[in-house]
K.L.:
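Okay, here's the structure, questions in a sec.
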Amino acid sequence: KEKWQRLSVGCSKLDRFLRGGVGVQGITEIAGESGSGKTQLCLQMALTVQYPVTYGGLSGGAVYICTEDAFPSRRLQELFCCFPPTFSEAQTNMNFGDSIFIEHIGDVESLKQCLLVRLPQLLTQRKVKLVVVDSIAGLFRSDYDPGDAVNRAKDLQVVGGQLHKLAEQFHLAVICVNQVTNVAGKKNNETQQQPVAALGLAWANMVTTRLQLCRTAHTVPDPHQPDHTVCVRTLQVVFAPNLPSDSCHFIVTKAGVFG
Ligand code: ATP
Ligand code: MG
């Protein structure tokens, strides 16, 4: 039996696939191209983390660090309203928004400040069980000169190291969203462009579990609007300590991420 807890992603099929959800262990990365569903999954976990353990949560709040877009509060509200009643019943006395601490960060230096100074304070004062960095990629791709790989690697190590430390000290789930770059790879003996998580080896070495999302060309009827269709997406385990490298389908609707 594994030693660490898991946080439900708020979808029973994906939870089964991930053996209970995202591990409370090190850094879980969610990589994928724009629109693949990374933010949707993170928003959903900012809700599930607040559920009691019996519902797959961790009975705590979330810190959501936004580096690219403004925090999508309207979408969060919509997700909350659509969540299965058993989940909302468990929390009827709680205002979900009150337990989500939002940080807007514009550069690597501010991210370091946030992780090294503000977060340790907040985490001692409030019961927070999830930290999301959405995303780690933008800052690190824009803040350095092309030749400055050394400083970038150093900063990635500071950020990754501090996230590991906080995860362990406060027993929390840490999720970092990452972009992808297309790299030539071999599939069925043919060379193809394949999306690979950005930021190279310096960052990959900090990641405990790497999940990758992607949209496929297939569509299915939208369960909420049968005259509309939604695209089928895949969640792939690229590497993870306790999971086989496998993938699983899901869709995103008004009500969130579904298996
Ligand atoms: P980026 O890298 O640009 O931030 P992302 O991977 O974070 O992209 P998400 O915001 O998680 O992308 O997913 C966007 C997709 O989620 C949309 O393309 C849409 O298909 C779906 N989606 C978002 N909101 C809704 C909604 N209210 N109803 C239905 N689908 C939605
Ligand atoms: Mg996003």
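Remember, it's 1-based here, ligands and their atoms both numbered in the order they're listed.
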K.L.:
How are the rings of Phe71 and Tyr64 set to each other: parallel, tilted or perpendicular (split at 30° and 60°)?
P.N.:
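Answer is perpendicular, since the angle exceeds 60°.
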K.L.:
Assess the side chains of Ser8 and Asp15: does a donor N or O sit below 3.5 Å from an acceptor N or O?
P.N.:
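Checked: Ser8/Asp15 side chains pair up, N/O donor to acceptor below 3.5 Å.
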K.L.:
Check Lys38 with Asp134, please: is the shortest side-chain N to carboxylate O separation under 4.0 Å?
P.N.:
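A salt bridge is absent here (no side-chain N lies under 4.0 Å from a carboxylate O).
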K.L.:
Could you tell me whether the side chains of Asp107 and Ser110 share a donor-acceptor contact shorter than 3.5 Å?
P.N.:
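There is such a pair (donor and acceptor under 3.5 Å, judged by atom type) between the side chains of Asp107 and Ser110.
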K.L.:
For atom 20 (O) of ligand 1, grab the closest protein heavy atom and report residue, atom and distance to one decimal in Å.
P.N.:
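Minimum-distance protein heavy atom for atom 20 (O) of ligand 1 reads Arg233 NH2, 2.9 Å.
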K.L.:
Regarding atom 9 (P) of ligand 1: of the candidates Gln40, Glu33, Gln44, which has the closest heavy atom?
P.N.:
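Of the listed residues, Gln40 has the closest heavy atom.
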K.L.:
Check whether Asn188 reaches the backbone of Glu190 with its side chain - one donor and one acceptor, N or O, closer than 3.5 Å.
P.N.:
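The answer is no, because no donor-acceptor pair under 3.5 Å joins these two groups.
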K.L.:
Give the single entry among His224, Lys254, Glu78 that approaches atom 27 (N) of ligand 1 most closely by any heavy atom.
P.N.:
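The option holding the nearest heavy atom is Glu78.
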K.L.:
Among all protein non-hydrogen atoms, which one is nearest to atom 24 (N) of ligand 1, and what is the separation to 0.1 Å?
P.N.:
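Looking at atom 24 (N) of ligand 1, the protein heavy atom closest to it is Arg75 NE, 3.2 Å.
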K.L.:
Ignoring hydrogens and geometry beyond distance, is a side-chain donor-acceptor pair present between Trp203 and Gln157 at under 3.5 Å?
P.N.:
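There is no such pair between these side chains.
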K.L.:
Using a 4.0 Å heavy-atom cut-off, which part of His228 comes near ligand 1: side chain, backbone, both, or neither?
P.N.:
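Neither part.
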K.L.:
Thr234 and His249: side-chain donor and acceptor closer than 3.5 Å?
P.N.:
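No, because no side-chain N or O of Thr234 sits under 3.5 Å from a partner of the opposite role on His249.
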K.L.:
Do Ile136 and Val177 come close enough that some side-chain heavy atom pair is under 4.5 Å?
P.N.:
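Not touching, per the 4.5 Å side-chain cut-off.
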K.L.:
Under 4.0 Å, heavy-atom basis, I'd like to know which part of Leu41 is in contact with ligand 1: side chain, backbone, both or neither.
P.N.:
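No part of Leu41 comes within reach of ligand 1.
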K.L.:
Who's the nearest protein heavy-atom neighbour of atom 3 (O) of ligand 1, and how far?
P.N.:
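The protein heavy atom lying closest is Ser34 OG, 2.5 Å.
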K.L.:
Return the residue, atom name and 0.1 Å-rounded distance of the protein heavy atom closest to atom 7 (O) of ligand 1.
P.N.:
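Answer, as residue, atom name and distance: Thr39 OG1, 2.7 Å.
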K.L.:
Just the protein N/O/S atoms under 2.8 Å from the Mg ion (ligand 2), please, no waters.
P.N.:
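Less than 2.8 Å away from the Mg ion (ligand 2) sit Thr39 OG1.
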K.L.:
Would Gly35 count as a polar contact of ligand 1, with the cut-off being nitrogen or oxygen pairs under 3.5 Å?
P.N.:
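Yes; the residue has a nitrogen or oxygen that sits under 3.5 Å from a nitrogen or oxygen of the ligand.
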K.L.:
Determine whether Val252 and Phe258 make a side-chain contact, defined as any pair of heavy atoms from C-beta on separated by less than 4.5 Å.
P.N.:
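No; the side chains remain at least 4.5 Å from each other.
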K.L.:
Please determine if Lys254 and Glu78 form a salt bridge, counting it only when a charged side-chain N lies under 4.0 Å from a carboxylate O.
P.N.:
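Judged by the 4.0 Å cut-off on N to carboxylate O distance, Lys254 and Glu78 do not form a salt bridge.
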K.L.:
Which residue and non-hydrogen atom of the protein lie closest to atom 2 (O) of ligand 1, and at what distance in Å?
P.N.:
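Checked against all protein heavy atoms, atom 2 (O) of ligand 1 sits closest to Lys38 NZ, 2.8 Å.
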K.L.:
Hey, is Glu68 touching ligand 1 through its side chain, its backbone, both or neither, going by heavy atoms under 4.0 Å?
P.N.:
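Neither part.
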K.L.:
If you have a sec, work out which protein heavy atom is nearest atom 18 (O) of ligand 1 and how many Å separate them, to one decimal?
P.N.:
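It is Arg215 NH1, 3.8 Å.
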K.L.:
Other residues, nucleotides and ligands only: do more than 12 of their heavy atoms fall within 6.0 Å of CD on Gln194?
P.N.:
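Yes.
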K.L.:
Are the side chains of Leu211 and Val238 in contact, using a 4.5 Å heavy-atom criterion?
P.N.:
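No, their side chains stay 4.5 Å or more apart.
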K.L.:
For atom 21 (C) of ligand 1, what is the nearest protein heavy atom, given as residue, atom name and distance?
P.N.:
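Sorting protein heavy atoms by distance from atom 21 (C) of ligand 1 puts Val252 CG1, 3.6 Å first.
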